[in-house]
Amino acid sequence: LGAWAQSSCKECTAGTWSVAWGAIAESTCQAFWEVHGDCSFAGTGRCVTSAGYPESNYGDHQSCTITALRAGTIDVQWFETESVYDKLTVLELPYAGTAGPQDVALAVGDALSWTSDQSITATGWKLCLEAPSLSPSPSPSQTPSQSPSPVTTTPEPTTTTPAPPMTTTTPAPTTTTATTT
């Protein structure tokens with residue numbers, strides 16, 4: 001028998017889930033997650049939870065593997081596990097207690113794994129995947145309706161005042177007289 005698997009296709013236009021034994025059934029849905037084991041989808045399928053969340057605590061000896069089917073960032077909605085022993089591992093880093101994997105970036109195919117031990121349980125966790133925005137780039141605030149026309153400027157007329165005539169003064173010739181005795 002294969003493992004229980006689900007993908008989060010709840011929000012697709014067809015409104016279908018892909019549920020199969022052993023593998024995910026073919027679907028046109030753009031799912032966020034693939035889940036194997038003791039975890040569930042929440043809301044539209046963009047979020048995943050530990051079993052029982054939020055109505056009851058998760059159980060002993062639970063485990064699941066969650067695979068990202070889209071790139072995005074983890075948004076922790078709630079995180080409370082038994083410190084040290086009940087762990088959610090994301091990109092090889094374990095998270096336990098009340099410190100969840102907030103803002104951890106995931107690529108398509110990255111896996112998260114959850115395990116709880118044989119004693120002490122807690123509320124659990126809820127994680128959502130914030131997919132990168134695919135909105136178009138902003139348009140310019142003003143778009144000209146036609147090509148701009150060249151701007152012609154006429155220079156202001158200027159009047160020139162002629163400079164006064166130059167006059168030169170030549171010193172009067174001096175005469176010297178020599179006298180002889």
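Just so you know, these numbers use all the heavy atoms, side chains as well, and skip hydrogens, waters and symmetry mates. Throughout, residue positions are numbered sequentially from 1 according to the sequence presented. Model, not experiment: these values are computed from the prediction.
Listed by chain and residue number, Thr65, Thr67 satisfy the side chain to side chain contact (heavy atoms under 4.5 Å, CB included) test with Ala111 (two or more places apart in sequence, or in another chain). When the side chain to side chain contact (heavy atoms under 4.5 Å, CB included) test is applied to Pro54, no partner is found at least two apart in sequence or on another chain. Residues meeting the side chain to side chain contact (heavy atoms under 4.5 Å, CB included) test with Leu91, sequence neighbours left out: Val104, Leu106, Asp110. With sequence neighbours excluded, the residues forming a side-chain hydrogen bond (donor to acceptor under 3.5 Å, both in side chains) with Glu80 are Thr123, listed by chain and number. Residues satisfying the side-chain hydrogen bond (donor to acceptor under 3.5 Å, both in side chains) test with Asp75, not counting sequence neighbours, are Gln77, Gln102.
Within the cation-pi definition used here (under 6.0 Å to the ring centroid, within 45° of the axis), Arg70 qualifies as a partner of Phe32.
The backbone N or O of Ser63 sits less than 3.5 Å from a side-chain atom of Asp38, completing a donor-acceptor pair. At distances below 3.5 Å, not a single donor-acceptor pair connects side-chain atoms of Thr81 with backbone N or O atoms of Lys87.
Listed by first and then second residue, the disulfide bond (SG atoms under 2.5 Å apart) pairs that reach into residues 96-131 are Cys47-Cys128, sequence neighbours excluded. Evaluation of the ring-ring contact (aromatic ring centres under 6.0 Å, His included) test over residues 84-106, restricted to residues two or more places apart or in two chains, returns none. Judged as a disulfide bond (SG atoms under 2.5 Å apart), the pairs with a partner in residues 52-115 (not counting sequence neighbours) are, in order, Cys39-Cys64. Listed by first and then second residue, the disulfide bond (SG atoms under 2.5 Å apart) pairs that reach into residues 79-112 come to none, sequence neighbours excluded.
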